[in-house]
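Below is one structure, written out as structure tokens; the observations come after it.
All of these numbers come straight from a predicted model, not from anything done at the bench. Numbering starts at 1 and runs along the sequence shown. Counting starts at 1 for both ligands and their atoms, in listed order.
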Amino acid sequence: MKVFARLLALLVLLLAAVPGHAALPSPAPGRLSVYFLDVGQGDAALIVSPTGKTVLIDGGPPEAGARLAARLRELVKGPLDLVILTHPHLDHLGGLRAAVKAVGAKRFMDPGFDHPSEAYRDLLDFVGHEVGQVMSPEPNPQAPQTLLTVGLGEGVALTVLWPRVPQESFLANTRSDPNANSIVTKLTYGKTAFLFTGDSEPPTEEVLLQKPVDLTATVLKVAHHGGKHSSTAAFLERVKPQAAVISCGVGNDYGHPSPEVLGRLRDVRARAFRTDQDGEVLAVSDGTTVTLRSTKGGAGATSLSGTQQAGSPVALGPIQPTPHGRSGRSTEKEPEPGAPRTRTPVEPPAPASASEATGERYVSLKGSKVFHRESCKTLKRSKNERTVYTSRADALRERRPAEDCHP
Ligand SMILES: [Zn+2]
Ligand SMILES: [Zn+2]
């Protein structure tokens with residue numbers, strides 16, 4: 001028995017020493033880390049910002065739940081700041097319950113696109129009880145052109161590009177309307193950017209191409225596991241990804257990724273990573289360069305420099321606040337009839353720090369008649385919901401200055 005245990009230990013050591021099975025490092029403080037988790041046929045990506053803010057985008061299929069939960073326990077300290085379900089399909093929502101049970105979550109966002117599946121209803125029921133805030137990515141009605149942006153500290157921002165309900169209706173009559181209305185987000189840090197596309201469809205890509213939005217991204221999470229309809233040539237030419245990550249299962253029944261998409265990625269000279277072949281993929285950005293590694297892809301790391309032109313995206317909201325925009329302002333929404341959820345105000349989980357905006361921002365806590373400087377210590381102590389004003393004039397219209405920080 002002892003010999004067997006020894007042998008086993010030796011085997012474990014050997015396995016650990018084999019290059020290509022190297023465990024990926026923990027999130028590095030001061031860097032932006034994006035883990036494309038290996039969940040088989042499905043999607044799950046974890047963002048850890050330089051200040052430790054965490055966002056989980058999708059949770060893989062149900063059978064990946066236990067593995068996802070274990071991995072999140074290794075990578076995340078404390079509850080997730082935000083969980084995004086890009087759309088209500090089982091290969092994206094199946095593991096979310098296990099994930100939230102494992103580490104907790106403060107906020108949950110999904111497109112609000114109705115989908116009559118039992119698994120989705122059950123998940124909404126679960127997050128309604130277990131997650132503090134359930135929200136949809138609606139733009140602020142006061143500034144409908146300003147995209148909803150979630151500040152993650154240190155100039156890192158996650159901007160929702162689609163859907164844009166109620167300003168624009170959900171896409172309809174597509175190959176799959178739940179897919180077509182996937183939440184599409186762009187994560188920006190310095191000159192580097194990541195684009196998360198869920199299972200978006202060609203009509204989603206067309207809508208995005210028509211918008212005055214900078215779509216360029218250093219790393220693209222390829223839509224729909226590399227399915228052949230999505231990732232059109234026109235879209236890829238605009239995104240100009242240097243690396244593309246395809247999340248799919250070994251020998252999956254769908255033939256994902258399709259040779260067509262792999263070809264189109266080659267055409268734009270994007271280096272493709274696949275979770276079925278490479279295992280978990282980690283991309284780390286220092287704001288200038290993104291370095292990618294994977295568990296099975298050998299010990300070597302790939303470094304890419306950011307593509308984003310400085311001063312590009314006017315439409316990217318709070319990175320360059322519009323003078324009259326009040327980003328992240330609370331908007332109450334009526335609960336949908338029959339929906340087992342209460343929608344709470346749409347607002348960024350963590351207001352962007354003042355350093356990333358050109359002007360100082362002002363914040364008031366729910367139920368309070370005063371507003372504070374964003375840097376005020378009172379705000380840090382409170383977990384209450386908050387309203388963010390991008391100008392003092394906007395704040396003064398509704399509240400009076402607080403006595404502690406004299407904004
Ligand atoms: Zn889907
Ligand atoms: Zn999917």
Side-chain angles (χ1 to χ4, degrees), residues 34-46 55-65 67-68 83-99 108-124 136-137 160-163 165 170-185 194-208 220-232 235 244-258 260-262 265 272-278 280-281:
V34 180
Y35 294 84
F36 298 92
L37 302 164
D38 183 6
V39 289
Q41 184 63 19
D43 266 18
L46 174 72
V55 182
L56 178 67
I57 304 182
D58 289 334
E63 57 272 22
R67 193 159 35 127
L68 175 67
V83 172
I84 294 177
L85 172 63
T86 61
H87 68 293
H89 277 160
L90 201 58
D91 56 326
H92 298 250
L93 72 79
L96 279 183
R97 181 190 286 253
F108 173 86
M109 184 199 286
D110 80 352
F113 184 85
D114 197 35
H115 189 61
S117 83
E118 206 177 315
Y120 180 49
R121 291 277 170 222
D122 285 353
L123 180 73
L124 290 183
S136 54
V160 179
L161 304 181
W162 187 257
V165 172
F170 283 121
L171 288 162
N173 306 315
T174 65
R175 292 181 62 256
S176 162
D177 293 345
N179 280 353
N181 293 296
S182 289
I183 292 182
V184 177
T185 47
F194 296 74
L195 192 64
F196 298 91
T197 53
D199 277 359
S200 55
E201 292 278 329
T204 324
E205 298 179 356
E206 276 162 40
V207 163
L208 292 172
L220 169 69
K221 199 296 291 177
V222 176
H224 201 200
H225 323 285
K228 68 177 174 185
H229 300 283
S230 307
S231 311
T232 55
F235 187 70
V245 180
I246 299 165
S247 191
C248 62
V250 179
N252 64 76
D253 298 336
Y254 309 93
H256 290 155
S258 69
E260 289 93 333
V261 166
L262 291 174
L265 289 171
F273 290 79
R274 307 166 49 161
T275 58
D276 61 338
Q277 294 180 351
D278 299 309
E280 186 175 299
V281 179

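Here the CZ atom belonging to Phe273 is positioned 14.0 Å from the OG atom belonging to Ser247, to the nearest 0.5 angstrom.
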Ring pair (Phe, Tyr, Trp, His ring centres under 6.0 Å) between His224 and His87, worked out: CA-CA 11 Å; His224 201 200; His87 68 293; 7.9 Å; no
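As for Asp91, its N/O/S atom nearest the Zn ion (ligand 2) is the one called OD2. Residue His89 approaches the Zn ion (ligand 1) most closely through its N/O/S atom ND1. Between the Zn ion (ligand 2) and the N, O or S atoms of Asp199, the shortest distance is to OD2.
The only option from Val281, Asp276, Asp278, Leu262 that meets the side-chain contact (heavy atoms from CB on, under 4.5 Å) definition with Ile246 turns out to be Leu262. Tested against Thr86 for a side chain to side chain donor-acceptor pair (under 3.5 Å), the candidates Thr197, Thr185, Asp58 yield a single pass: Asp58.
With respect to Arg121 and Asp114, a salt bridge is recorded, a charged nitrogen being found less than 4.0 Å from a carboxylate O.
Taking 2.8 Å as the criterion, His92 does not count as a coordinating residue of the Zn ion (ligand 1), since none of its N, O or S atoms falls below it. Among the atoms of Ser176, none of the N, O or S atoms falls under 2.8 Å from the Zn ion (ligand 1). Taking backbone and side chain together, His87 holds no N, O or S atom under 2.8 Å from the Zn ion (ligand 2).
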